[in-house]
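One-based numbering, in listed order, for ligands and for the atoms of each.
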Amino acid sequence: MADAHALALDRAVVVIGAGTMGAGIAEVAAVAGHRVYLCDTSEAALDRGRAQIRASLDRRVAKGKASAEDAASAFARVIAAGPSAPLQGVGLVIEAIVENLDIKVAALTEMARRVDDDAILSTNTSSLSVTALAARLPAPERVAGLHFFNPATILPLVEVVRGHATDPALVETLVATARAWKKTPVMCQSTPGFIVNRVARPFYGEALRLLLEQQATPETVDAVMRECGGFRMGPCELMDLIGHDVNFAVTRSVWQAFFHDPRYQPSLVQQQLVDAGWLGRKSGRGFYDYRDDAPRPDVHDLQGPAPARVRIEGALGPAQGLVALLEQAGLNVEKTEGAGLLRVDGVALALTDGRSAGARSQALGEPVVLFDLALDYAASKRIALSVAEGTPADVIAQAAGLFTALGKQVSLLGDAAGLAVSRTVAMLVNEAADAVQQGIASEADIDAAMTGGVNYPIGPLAWGRRVGLDYVAAVLTHLSQGYGEDRYRVSPWLQARVREVSHG
Ligand code: NAI
């Protein structure tokens with residue numbers, strides 16, 4: 001049933017900008033049944049935009065997602081509109097032109113004169129302040145952000161962005177309209193990076209930290225994040241795909257917009273790549289070499305002897321899933337009281353808690369091999385280990401042997417506090433927690449945004465609850481103490497949730 005709040009189908013939609021995003025958004029609105037006026041200052045861009053829509057609709061027909069008649073009528077609903085064409089019955093304007101505030105203000109001011117007074121004015125901006133844009137238009141309360149993801153015809157997520165003056169009823173209309181267009185809307189306040197581009201920063205930032213400190217190679221970080229963390233792509237290969245110029249610019253703009261908060265600090269590693277012109281796939285080189293189908297460097301896998309005896313000393317917390325795996329593997333397993341360690345033929349192993357292996361070994365009074373957090377210890381194909389400098393090779397081999405006996409591949413990082421997955425997940429949860437604390441978006445919408453917009457295997461807050469928010473807070477506290485940096489400070493929201501659990 002149609003949602004009464006959604007934009008009525010007899011109201012037309014104007015899309016300003018017939019580029020990659022504008023053409024995609026115009027197609028989505030036309031397929032949903034609206035008449036769409038597609039505008040662009042360039043005739044050639046309008047032709048290209050219409051050709052993009054035609055080709056995309058043809059693909060829908062070929063895949064059986066639309067009938068030839070429906071595709072033809074959707075295409076007929078897209079009207080290329082010149083600068084003086086009459087625009088009738090317009091209920092919604094979506095601006096998708098160059099990412100420049102002055103140019104966007106000028107285009108929307110001009111469009112506001114051409115459409116009905118009650119038309120909603122929206123912007124597809126990824127990085128500009130919706131509040132600042134709205135303030136420069138005649139009726140700021142009728143302005144909001146409507147942020148689609150590329151390709152707009154395929155990715156379901158739409159961030160509906162509320163500027164400081166935006167009328168709440170208008171947000172409701174946009175959410176209902178996005179749903180009627182078969183999209184997944186999430187609501188957020190106008191804030192740097194909105195939800196996705198803000199909460200995702202640590203995914204890149206922590207990987208860049210590991211590379212800066214020479215704790216791992218890009219291929220090892222990627223393999224661990226994919227095969228242990230369960231992410232669809234590793235951070236290095238993803239940055240290569242996005243383009244280092246684009247990724248670096250987004251990080252810089254979020255960092256600047258947050259008044260240089262160290263959480264978002266850009267990395268010298270990425271600055272070097274940008275300076276070198278190694279922008280990733282599009283320039284043939286980034287972290288990896290894409291010229292002439294050059295093969296990816298191999299990931300070095302550790303091997304070790306099968307363990308004769310395994311002792312589980314106490315509860316393993318978020319790594320408790322390993323217990324069943326060890327038992328199923330037919331190993332000689334003994335359980336005792338203890339501080340949450342695995343002992344393999346005398347060698348101590350522990351899940352990282354954000355301290356380095358050096359610090360942890362010192363606290364324990366014996367060398368300890370740390371292992372990383374996995375999304376799912378049963379399903380993961382890889383595990384990462386880290387050891388203190390000077391740890392004997394046979395100790396490392398013994399630890400590796402435990403995981404090879406469970407059918408996992410094993411990567412050795414340097415003595416990286418929080419290894420790769422654990423520190424990244426902790427920082428993603430922390431970022432999401434701060435966004436909730438600051439009223440940027442709801443828990444549910446943040447999780448929906450990160451799974452729907454960037455394909456995370458599970459929303460960060462659901463992930464935090466799964467491993468235990470106390471574990472996340474402990475990892476962050478240890479990182480903060482180890483680095484002595486404000487970057488790893490624990491969100492007040494997270495601290496409050498941890499207190500609730502310990503008191504409840
Ligand atoms: P694009 O460069 O492909 O297209 C922009 C179009 O706007 C061009 O056809 C240009 O001729 C036209 N244009 C420029 N000034 C105009 C004006 N004053 N009036 C009418 N048309 C004008 O750009 P793209 O990638 O489609 O991005 C558009 C907007 O969407 C930007 O704000 C961008 O930040 C945002 N965005 C882009 C995403 C992406 O992955 N490309 C993802 C999400 C948002």
Side-chain angles (χ1 to χ4, degrees), residues 13-29 36-53 56 78-85 87 93-115 121-130 132-134 136-137 143-161 178 183 185-186 188 190 192-198 200 238-239 241-243 245-247 249-254 257 279-282 449 452-455:
V13 174
V14 167
V15 178
I16 321 176
T20 315
M21 294 305 293
I25 296 166
E27 180 183 335
V28 170
V36 179
Y37 296 110
L38 187 58
C39 308
D40 202 292
T41 40
S42 148
E43 276 290 327
L46 268 181
D47 290 343
R48 273 197 308 275
R50 277 169 53 85
Q52 178 186 319
I53 296 171
S56 167
V78 180
I79 303 155
S84 52
L87 307 173
V93 174
I94 307 173
E95 166 280 308
I97 64 174
V98 322
E99 193 73 341
N100 174 299
L101 189 63
D102 291 337
I103 301 178
K104 284 184 190 294
V105 168
L108 281 166
T109 305
E110 165 67 19
M111 188 54 69
R113 283 194 212 108
R114 295 174 65 193
V115 297
L121 300 184
S122 72
T123 172
N124 185 47
T125 182
S126 305
S127 63
L128 301 172
S129 159
V130 173
L133 174 70
R136 290 175 58 185
L137 295 174
V143 182
L146 200 56
H147 185 217
F148 289 77
F149 288 73
N150 187 14
T153 49
I154 299 192
L155 290 182
L157 189 71
V158 177
E159 291 175 327
V160 177
V161 186
K183 294 291 173 191
V186 291
C188 66
S190 176
F194 309 137
I195 301 177
V196 169
N197 278 332
R198 169 184 178 164
L238 183 54
M239 285 184 267
L241 180 67
I242 294 168
D245 50 345
V246 173
N247 191 260
V250 175
T251 302
R252 265 191 94 99
S253 95
V254 171
L279 304 181
R281 275 177 191 270
K282 63 185 173 189
V454 269
N455 261 323

For this session: Take atom 2 (O) of ligand 1 and look for protein heavy atoms under 4.0 Å from it; say yes if you find one, no if not.
Result: no
Exercise. Between atom CZ of Phe194 and atom OG of Ser129, what is the distance when rounded to the nearest 0.5 Å?
Worked result: 7.5 Å
Problem set entry | Worked verdict on His147 versus Thr125 for side-chain hydrogen bond (donor to acceptor under 3.5 Å, both in side chains) | CA-CA 6 Å; His147 185 217; Thr125 182; over 6 Å; no
Exercise. Any idea which of Asp40, Thr123, Leu38, Val98 brings a heavy atom closest to atom 14 (C) of ligand 1?
Worked result: Val98
For this session: For Thr20, counting its heavy atoms only, list the atoms of ligand 1 lying under 4.0 Å from any of them.
Result: 3 (O), 26 (O)
For this session: Tell me, please: is Arg48 in heavy-atom contact with ligand 1, that is, under 4.0 Å?
Result: no
For this session: Look at atom 20 (C) of ligand 1 and say which protein heavy atom is nearest, naming residue and atom and giving the distance to 0.1 Å.
Result: Thr41 N, 3.5 Å
For this session: Taking the side chain as every heavy atom from C-beta outward, state whether Leu121 and Glu95 have any atom pair closer than 4.5 Å.
Result: no
Exercise. Does the N or O separation between Glu99 and ligand 1 drop below 3.5 Å for any pair?
Worked result: yes
Problem set entry | Any N/O pair Lys104/ligand 1 closer than 3.5 Å | yes
Exercise. In Å and rounded to the nearest 0.5 Å, what is the OG1 to CG distance from Thr41 to Leu46?
Worked result: 8.5 Å
Exercise. Against heavy atoms of Ala45, which atoms of ligand 1 measure under 4.0 Å?
Worked result: 9 (O)
For this session: For atom 4 (O) of ligand 1, grab the closest protein heavy atom and report residue, atom and distance to one decimal in Å.
Result: Gly19 CA, 3.3 Å
Seminar exercise, completed: Rounded to the nearest 0.5 angstrom, the CD-CG distance for Glu159 and Asn197 is 7.0 Å
Exercise. Looking only at distance, does Glu95 have an N or O less than 3.5 Å from an N or O of ligand 1?
Worked result: no
Seminar exercise, completed: The closest protein heavy-atom partner of atom 30 (O) of ligand 1 is Asn124 ND2, 3.0 Å
Exercise. Just heavy atoms, cut-off under 4.0 Å: does Ile97 contact ligand 1 by side chain, backbone, both, or neither?
Worked result: both
Exercise. Side chain, backbone, both or neither: which part of Phe148 comes within less than 4.0 Å of ligand 1 when only heavy atoms are counted?
Worked result: backbone
For this session: Considering only protein heavy atoms, determine whether one is less than 4.0 Å from atom 34 (O) of ligand 1.
Result: yes
Exercise. Out of Ser126, Ala18, Pro151, Ala44, whose heavy atom is nearest to atom 36 (N) of ligand 1?
Worked result: Ser126
For this session: Look only at interatomic distance and state if Met21 has a nitrogen or oxygen under 3.5 Å from any nitrogen or oxygen of ligand 1.
Result: yes
Exercise. Can you tell me the protein heavy atom closest to atom 5 (C) of ligand 1 and the distance?
Worked result: Ala96 O, 3.8 Å
For this session: Please test Leu146 against Val160 for side chain to side chain contact (heavy atoms under 4.5 Å, CB included), starting from the C-alpha separation and ending with a verdict.
Result: CA-CA 5 Å; Leu146 200 56; Val160 177; 4.0 Å; yes
Exercise. Are Val93 and Val115 close enough that some pair of their side-chain heavy atoms sits under 4.5 Å apart?
Worked result: yes
Exercise. CG/Asn124 to CD1/Ile97 distance, rounded to the nearest 0.5 angstrom?
Worked result: 11.0 Å
For this session: Please test Val246 against Lys282 for side chain to side chain contact (heavy atoms under 4.5 Å, CB included), starting from the C-alpha separation and ending with a verdict.
Result: CA-CA 11 Å; Val246 173; Lys282 63 185 173 189; 3.9 Å; yes
Problem set entry | Between CG on residue Leu133 and CZ on residue Arg136, distance to nearest 0.5 Å | 8.0 Å
For this session: Could you tell me the separation between the OG1 atom of Thr153 and the CD1 atom of Ile25, rounded to the nearest 0.5 Å?
Result: 10.5 Å
Problem set entry | Interfacing atoms of ligand 1 (cut-off 4.0 Å, heavy-atom, His147) | 43 (C), 44 (C)
